[in-house]
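Here's the structure, in structure tokens; my notes come after.
Residue numbers start from 1 in every chain, and the chains themselves are labelled A, B, ... in the order their sequence lines are given, proteins ahead of strands. Just so it is clear, the structure is predicted and the values come from calculations on it, not from any experiment.
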Amino acid sequence: MKPFTRLDGLVAPLDRANVDTDAIIPKQFLKSIKRSGFGPNAFDEWRYLDRGEPGKPNHDRPLNPDFVLNQARYQGASVLLARENFGCGSSREHAPWALEDYGFRVIIAPSFADIFFNNCFKNGILPIVLPAETVDRLFRETAAVEGYALTVDLAGQTLTTPTGDVIPFEVDPERKHRLLNGLDDIGITLQYVDKVRAYEARRKGEAPWLFA
Amino acid sequence: MARTLYDKLWDAHVVHVEPDGTALIYIDRHLVHEVTSPQAFEGLRLAHRAPWRTASVLAVPDHNVPTAHREQGIADPVSRTQVETLDENCRAFGLTEFPMTDRRQGIVHVIGPEQGFTQPGMTVVCGDSHTSTHGAFGALAFGIGTSEVEHVLATQCLWQKKSKAMLVRVDGQLGPGVTAKDIALAVIGKIGTAGGTGHAVEFGGSAIRALSMEGRMTLCNMAIEAGARAGMVAVDEKTVEYLRGRPYAPQGEQFEQAAAYWRSFVSDPGVAYDAVLELDAAQIQPQVTWGTSPEMVVPVDGRVPDPASAPNEVKRSDWERALAYMGLAANTPMRDIPVDKVFIGSCTNSRIEDLREAAAVARRAVAQGRRVADNVKLAMVVPGSGLVKVQAEAEGLDRAFTAAGFEWRDPGCSMCLAMNADRLEPGERCASTSNRNFEGRQGQGGRTHLVSPAMAAAAAVYGHFVDVREVMS
Ligand code: SF4
């Protein structure tokens with residue numbers, strides 16, 4: 001996994017609640033058996049005016065001028081500002097794959113759906129939960145100031161606004177450690193092989209049918 | 001100390017705990033389907049890893065399979081590749097799979113319980129959010145992403161933080177024609193789609209005890225739509241009897257030994273939960289969603305709400321956007337909304353009991369000289385598995401449906417998410433027994449209204465939403 005330490009990133013606002021993973025990456029793209037290349041189809045149904053299909057080139061498709069991420073001022077954004085319950089719905093990890101491939105490394109929202117939140121950490125994306133009022137303020141400032149960017153420091157657990165305001169955020173110590181160092185979960189778990197085997201041996205005695 | 005059902009499931013599976021409370025928990029059962037697994041198998045290959053315990057895995061293709069003329073194979077080459085990739089991966093890694101042509105094939109969350117593969121006291125995962133379904137058996141069951149699918153294949157474990165425990169207690173008696181689906185929608189309507197976030201939800205109370213295992217599965221299936229990662233119901237004799245004799249359940253003497261263990265998976269009396277929600281079953285009416293999130297729901301005799309009355313600014317713009325997408329005007333009575341298509345199926349409502357309830361409405365219609373209404377272009381019934389289909393046909397449900405003008409299909413996810421050929425066209429409106437009414441869920445531009453199977457069948461016959469209690473009285 002890509003480590004995440006620090007980022008100076010342009011902020012793009014997506015001002016709607018309950019953005020679901022079907023919207024982040026529509027179902028037809030889930031037919032891919034690969035893990036990459038989903039970025040051009042992130043938010044496909046909102047972003048383009050025609051229907052996207054796997055394998056169809058995206059560069060000449062008509063863009064929806066009303067979709068916020070299509071505005072010139074948000075091109076190159078790497079911080080996504082979102083509303084409550086971001087990433088709800090399907091467990092598809094294609095959603096963080098698509099966001100990461102699009103260029104987002106940080107997502108800020110008042111709340112996230114559990115599975116999506118978890119999937120972000122597996123893909124080098126930092127989801128940050130902030131109080132609704134703080135998120136409101138960031139929406140206002142992003143709208144008001146073209147080129148609004150945040151400095152995200154994972155080690156120090158802070159966001160810094162262009163005017164130098166520092167906003168602290170919480171992150172799970174274990175997740176932080178793994179993200180900072182780009183550690184692979186499977187590699188970590190395999191250090192506990194003996195414990196897993198001991199657990200299995202004990203359970204086989206208590207409940208042998210579990211292993212049938 | 002008194003423990004909740006969730007505490008007991010958690011405690012029984014902890015292998016190791018990190019100082020910050022992150023735990024490595026052991027996974028007993030791993031269900032696999034074609035959409036979220038290819039990249040996980042690829043990861044195993046690249047790292048030269050093998051599955052830790054092949055007997056813990058059961059795989060099935062369900063999302064991409066056609067529901068008609070299956071013998072002709074899958075027409076869409078991309079869908080076909082995905083299903084063939086699952087077949088190949090299962091062969092290569094020595095995993096049990098029910099391929100598309102197997103009579104036991106079906107939606108992954110239908111076949112796990114049907115085969116007795118899902119059992120009380122287990123941890124059950126799948127790369128699919130509706131894995132919460134299996135919690136109906138007193139199991140800890142939740143959806144995971146593809147990285148975690150690979151992790152479970154490689155290590156039989158997952159890193160987890162313990163959730164909070166919420167009790168949703170539904171006491172009293174459901175009215176006739178009111179089902180588990182209506183309880184689920186009523187709960188989501190009450191707490192919202194993020195109401196259960198960070199919680200494992202246990203459904204309890206006399207109305208839950210009275211539900212069949214099918215009904216409990218419907219309810220736990222929708223726990224994820226309330227934001228809860230897991231839903232669960234305590235074990236009772238219905239749970240035990242459901243499992244007796246199923247192919248993957250313990251047999252003979254071992255069954256009794258297992259059953260004794262299973263019965264311990266109930267919350268201790270008087271235990272405290274982090275949150276409690278209480279509902280009176282008698283107050284729950286048949287529900288219909290009007291918007292693009294399952295929380296946008298009203299009783300069938302209600303109206304489309306007016307965004308002007310929304311509780312806050314974010315909700316107001318959400319409601320406005322939903323009404324625009326759904327092509328609905330504020331204050332329209334739900335009963336006046338006509339439908340173009342009807343879908344009875346999905347892991348929420350495609351089990352035998354669901355089909356019986358819908359077929360009863362179809363039979364009543366035929367007895368009254370009615371059929372599927374002329375304005376309804378397609379009313380399809382998609383059983384949850386090949387075995388559900390066989391059972392339904394043995395009971396004559398297929399003929400009840402076809403006589404009333406419904407199409408009777410082969411099992412799969414079908415129009416629940418429209419990855420196969422079954423889908424809504426832009427602007428089409430559907431009464432659906434599935435679990436998500438998100439924009440584009442059943443086809444780009446499609447408009448979904450979530451309802452129970454009987455309500456869907458009644459909408460098919462009348463061409464618009466009606467109160468199934470009046471139809472059946
Ligand atoms: S029926 Fe629908 S919700 Fe259930 S597993 Fe299939 S696609 Fe997912």
With no hydrogens and no angle check, just 3.5 Å: does a side-chain donor-acceptor pair link A:Ser91 and B:Asp128? no

Do A:Glu206 and B:Tyr261 pair up side chain to side chain, a donor and an acceptor below 3.5 Å, judged on atom types alone? no

Need one label for B:Leu158: side chain, backbone, both or neither, based on atoms under 4.5 Å from any heavy atom in chain A. neither

Under 4.5 Å from a heavy atom of chain B, the part of A:Pro26 involved: neither

Sidechain-backbone polar pair: B:Gln82 side chain, A:Leu30 backbone, donor-acceptor under 3.5 Å: yes

If we count only N and O atoms by modelled type, under 3.5 Å, do the side chains of B:Ser147 and A:Arg35 hold a donor and an acceptor together? yes

Please step through salt bridge (charged side-chain N to carboxylate O under 4.0 Å, His left out) for the pair A:Arg83 and B:Asp318, ending with a clear verdict. CA-CA 11 Å; A:Arg83 293 288 185 188; B:Asp318 255 20; over 6 Å; no

Of all the heavy-atom pairs spanning A:Ser32 and B:Gln39, show the shortest one and how long it is. O-NE2, 3.3 Å

Counting only heavy atoms closer than 4.5 Å, note whether B:Asn435 contacts chain A via side chain, backbone, both or neither. neither

Select one option (side chain, backbone, both, neither) describing which atoms of B:Arg80 are under 4.5 Å from chain A's heavy atoms. neither

So for B:Arg436, is it side chain, backbone, both, or neither that comes closer than 4.5 Å to the heavy atoms of chain A? side chain

With a 4.5 Å heavy-atom cut-off, do B:Trp52 and A:Val193 have their side chains touching? yes

Below 4.0 angstrom, N of the basic side chain to O of the carboxylate: do B:Arg229 and A:Asp114 qualify? no

Which of B:Gln156, B:His130, B:Gln257, B:Glu34 touches chain A most, by non-hydrogen pairs under 4.5 Å: B:Gln257

Looking at A:Phe117, A:Phe116, A:Trp46, which makes the most heavy-atom pairs under 4.5 Å with chain B? A:Trp46

Residue selection (most heavy-atom pairs with chain A, distance under 4.5 Å) from B:His13, B:His16, B:Arg29: B:His16

Give the minimum heavy-atom separation between A:Pro208 and B:Gln254, together with the two atoms involved. CG-NE2, 3.6 Å

Residue pair B:Cys157 / A:Val196: nearest heavy atoms and the distance that separates them: SG-CG2, 3.8 Å

Top of B:Arg321, B:Glu42, B:Glu18, B:Glu148 for chain A proximity - count of heavy-atom pairs under 4.5 angstrom: B:Arg321

Nearest heavy-atom contact between A:Lys27 and B:Leu417 is CD-O, 2.5 Å

Side chain, backbone, both or neither: which part of B:Ala12 has a non-hydrogen atom closer than 4.5 Å to chain A? both

Can you tell me if A:Lys56 has over 12 outside heavy atoms packed within less than 6.0 Å of its NZ? yes

Rounded to the nearest 0.5 Å, how far apart are CG of B:Leu86 and CD1 of A:Ile33? 11.0 Å

Mind ranking A:Glu200, A:Arg175, A:Met1 by heavy-atom pairs under 4.5 Å with chain B and telling me who comes out on top? A:Glu200

Looking at chain B, which one of A:Arg202, A:Lys122, A:Glu174 has the largest number of heavy-atom pairs inside 4.5 Å, strictly under? A:Glu174

Between B:Thr36, B:Thr193, B:Thr85, B:Asp28, who has the most heavy-atom pairs with chain A when the cutoff is under 4.5 Å? B:Thr193

Between A:Leu190 and B:Arg49, is any pair of side-chain heavy atoms under 4.5 Å apart? yes

Go through the atoms of B:Glu313 and report whether side chain, backbone, both or neither lie under 4.5 Å from a heavy atom of chain A. neither

In Å, rounded to the nearest 0.5 Å, how long is the span from SG of A:Cys88 to CD of B:Glu295? 9.0 Å

Would you mind reporting whether B:Thr155 and A:Ile186 have side-chain heavy atoms less than 4.5 Å apart? yes

Tell me whether A:Glu45 contacts the main-chain N or O of B:Gln444 through its side chain, where contact means a donor paired with an acceptor under 3.5 Å. no

Under 6.0 Å from the ring centre and within 45 degrees of the ring axis: does the NZ or CZ of A:Arg178 meet both conditions for the six-membered ring of B:Trp159? yes

Can you name the nearest heavy-atom pair linking B:Val314 to A:Ala17, along with the distance? CG1-CB, 3.9 Å

Residue, of A:Ile115, A:Asn119, A:Asp22, that accumulates the most heavy atom pairs under 4.5 Å with chain B: A:Ile115

Could you tell me how the ring of A:Trp209 sits relative to the ring of B:Trp262: parallel (under 30°), tilted (30 to 60°) or perpendicular (over 60°)? perpendicular

Using non-hydrogen atoms only, which part of B:Ala47 is less than 4.5 Å away from chain A: side chain, backbone, both, or neither? neither

Residue among A:Thr189, A:Asp185, A:Asp184 satisfying side chain to side chain donor-acceptor pair (under 3.5 Å) with B:His151: A:Thr189

Please flag which part of B:Val149 lies under 4.5 Å from any non-hydrogen atom of chain A: side chain, backbone, both or neither. neither

Heavy-atom pairs under 4.5 Å with chain B are the metric here; pick the option from A:Gly89, A:Gly55, A:Pro54 that has the most. A:Gly89

On a heavy-atom basis, the closest approach of B:Ser129 and A:Ser90 is OG-CA, 3.7 Å

Heavy-atom distance under 4.5 Å to chain A: side chain of B:Thr22, backbone, both or neither? side chain

Backbone of B:Met419 reached by a side-chain donor or acceptor of A:Lys31 within 3.5 Å: yes

Hey, could you give me the NZ/CG distance between B:Lys315 and A:Asn18, rounded to the nearest 0.5 Å? 6.5 Å

OG on B:Ser56 to CG on A:Leu210, rounded to 0.5 Å: 11.5 Å

I would like to know whether B:Glu439 and A:Arg16 meet salt bridge (charged side-chain N to carboxylate O under 4.0 Å, His left out); could you show each step before the answer? CA-CA 13 Å; B:Glu439 285 186 21; A:Arg16 51 199 287 174; 3.0 Å; yes

Verify the neighbour count for atom NZ of A:Lys176: are there more than 12 heavy atoms of other residues, nucleotides or ligands below 6.0 Å? yes

Given 3.5 Å as the limit, does a donor-acceptor pair link the side chain of A:Lys195 with the main chain of B:Leu24, or not? no

